[in-house]
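Written out below as structure tokens is the structure these notes cover.
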Amino acid sequence: MKQKSRLYLATQNKHKVDEIKDLLGDLFDIHTVYELGLSEEIPETGNTLQENSKQKAEYIAERYQVTCLADDSGLEVNALGGQPGVYSARYAGESKDDMANMSKLIQALQGISDRSARFVTVLTLHHAGQFQSFEGEVIGDILTAPRGENGFGYDPIFQPKGFNRTFAEMSMDEKNQLAHRARAIQKFKSYVEQTGFFGNN
Ligand code: ITT
């Protein structure tokens, strides 16, 4: 049997690692940046998800000379003009506190009837100096109070369209059938299959 190609995930978010491993673990030999000895935060100073995703991929690939996949994601709320968007992780401050972020968002939407939003993920593959990006999204509504214990980030207040449960009320498997990250990963997989991208490694 052919050996699986090694892929480093340029993320320091353990929940993203779990979701991506669940989606890609059968196809790739997946490793984290902690195995490379990285201790500082990967810089993300861009103004868009695309810029940050590319920046994270480039940082890890060039520093360690590895093939890597970066993930930058955000929640775009229509009534707030797309906020928190690229600032989703630090919406309520530098501490990246999920509860504080959700409270701030619930507060910002108080009295507003349009609760529609979308989660977006931009993945960037960096291999041998080349970049390729893949985007996935899922639309849904922001609830007025958190529900469920699973997942991370804004999952307890995001209900995907057509469902009456939040992502935090779904198992990882269920979330991975329909979520933004899973959809971006599907595009990444198609690209790998079509191009035979890792075939010569
Ligand atoms: P890395 O940069 O190390 O990957 P991070 O958590 O800072 O980790 P982002 O910059 O992409 O990642 O921040 C995106 C934020 O958006 C994240 O911290 C969550 O608050 C939220 N988010 C992203 N994907 C999510 C998901 O699947 N479910 C819930 N919230 C999510």
Side-chain angles (χ1 to χ4, degrees), residues 8-23 30-34 36 38-60 63 68-77 80 82-106 117-126 133-143 146-160 163 165-185:
Y8 282 87
L9 301 182
T11 176
Q12 287 159 309
N13 182 321
K14 169 187 171 306
H15 301 280
K16 290 184 183 177
V17 171
D18 289 344
E19 289 185 8
I20 295 171
K21 274 189 174 166
D22 184 57
L23 291 159
I30 294 187
H31 294 265
T32 67
V33 289
Y34 299 107
L36 296 167
L38 183 79
S39 49
E40 74 272 19
E41 265 200 55
I42 304 172
E44 43 180 320
T45 54
N47 293 317
T48 62
L49 298 178
Q50 285 76 9
E51 280 171 24
N52 279 343
S53 182
K54 193 173 168 198
Q55 185 181 20
K56 290 190 239 187
E58 192 166 27
Y59 185 81
I60 296 302
R63 199 179 170 107
C68 72
L69 188 67
D71 170 316
D72 204 59
S73 303
L75 177 63
E76 298 178 352
V77 178
L80 303 178
Q83 293 298 316
V86 72
Y87 305 109
S88 295
R90 295 177 173 81
Y91 186 47
E94 277 305 309
S95 58
K96 291 187 170 183
D97 180 332
D98 288 346
M99 284 308 292
N101 286 338
M102 285 192 287
S103 299
K104 183 172 174 181
L105 185 54
I106 289 168
R118 68 171 194 147
F119 263 128
V120 189
T121 289
V122 179
L123 298 173
T124 301
L125 172 68
H126 190 296
S133 290
F134 310 91
E135 190 171 320
E137 68 159 24
V138 60
I139 58 173
D141 289 305
I142 304 301
L143 304 189
R147 284 200 332 239
E149 302 294 328
N150 301 331
F152 69 102
Y154 298 87
D155 280 345
I157 56 170
F158 184 87
Q159 185 164 278
F163 291 80
R165 285 172 302 142
T166 67
F167 274 158
E169 293 176 300
M170 297 182 181
S171 65
M172 190 197 296
D173 266 3
E174 279 180 283
K175 181 182 171 190
N176 272 348
Q177 312 268 329
L178 64 137
H180 45 307
R181 182 162 299 103
R183 289 181 173 161
I185 289 279

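Computation of the quantities below employed the complete heavy-atom set of this structure, encompassing side-chain atoms and omitting hydrogens, waters and symmetry-equivalent molecules. Both ligands and their constituent atoms are indexed starting at 1 by order of listing.
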Salt bridge present between [X] and [Y] (N-O < 4.0 angstrom):
| X | Y | answer |
| --- | --- | --- |
| Glu19 | Lys175 | yes |
| Arg165 | Glu174 | yes |
| Arg90 | Glu41 | yes |

Would you call [X] and [Y] a side-chain contact if the rule is heavy atoms closer than 4.5 Å?
| X | Y | answer |
| --- | --- | --- |
| Arg147 | Pro156 | no |
| Phe152 | Lys16 | yes |
| Asp141 | Phe158 | no |
| Asp155 | Phe119 | yes |
| Pro84 | Val77 | yes |

Please identify which atoms of ligand 1 are closer than 4.0 Å to at least one heavy atom of [X].
| X | answer |
| --- | --- |
| Asn13 | 3 (O), 6 (O), 8 (O) |
| Glu44 | 2 (O), 7 (O), 10 (O) |
| Asp72 | 9 (P), 10 (O), 11 (O) |
| Lys175 | 26 (C), 27 (O), 28 (N) |
| His180 | 24 (N), 25 (C), 26 (C), 27 (O) |
| Lys96 | 5 (P), 7 (O) |
| Ser88 | 15 (C), 16 (O) |

Protein heavy-atom partner closest to [atom] - residue, atom, separation in Å:
| atom | value |
| --- | --- |
| atom 20 (O) of ligand 1 | Tyr154 CE1, 3.4 Å |
| atom 23 (C) of ligand 1 | Ser73 CB, 3.5 Å |
| atom 13 (O) of ligand 1 | Ala89 CB, 3.5 Å |
| atom 28 (N) of ligand 1 | Asp155 OD1, 2.7 Å |
| atom 4 (O) of ligand 1 | Thr11 OG1, 2.6 Å |

- Task: Could you name the option among Arg181, Lys56, Met102 that has the heavy atom nearest to atom 2 (O) of ligand 1?
- Result: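 It is Lys56 whose heavy atom sits nearest to atom 2 (O) of ligand 1.
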- Only heavy atoms count here, so choose which of Lys14, Lys16, Glu41, Gln12 is nearest to atom 12 (O) of ligand 1.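 Residue with the shortest heavy-atom distance to the ligand atom: Lys16.
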- Message: When you compare ligand 1 with Arg90, is there at least one nitrogen or oxygen pair between them that comes in under 3.5 angstrom?
- Response: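 So ligand 1 has no N or O lying under 3.5 Å from an N or O of Arg90.
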- So is there a nitrogen or oxygen of Asp98 less than 3.5 Å from a nitrogen or oxygen in ligand 1?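 Such a contact does not occur with ligand 1.
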- Would you say the side-chain atoms of Arg183 pair up with the backbone N or O of Glu137, donor to acceptor, closer than 3.5 Å?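 Flag set: sc Arg183 to bb Glu137 pair under 3.5 Å.
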- So, does Ser103 use its side chain to make a donor-acceptor pair with the main chain of Met99 at under 3.5 Å?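 Yes.
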- Query: Quick one: does Leu75 get within less than 4.0 Å of ligand 1, heavy atoms only?
  - Reply: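 The answer is no, since Leu75 has no heavy atom less than 4.0 Å from ligand 1.
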- Has Phe152 got any heavy atom lying under 4.0 angstrom from an atom of ligand 1?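 The answer is yes: ligand 1 sits under 4.0 Å from a heavy atom of Phe152.
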- Task: Could you check Arg63 against Glu40 for salt bridge (charged side-chain N to carboxylate O under 4.0 Å, His left out), going step by step and ending with a plain yes or no?
- Result: CA-CA 13 Å; Arg63 199 179 170 107; Glu40 74 272 19; 2.9 Å; yes
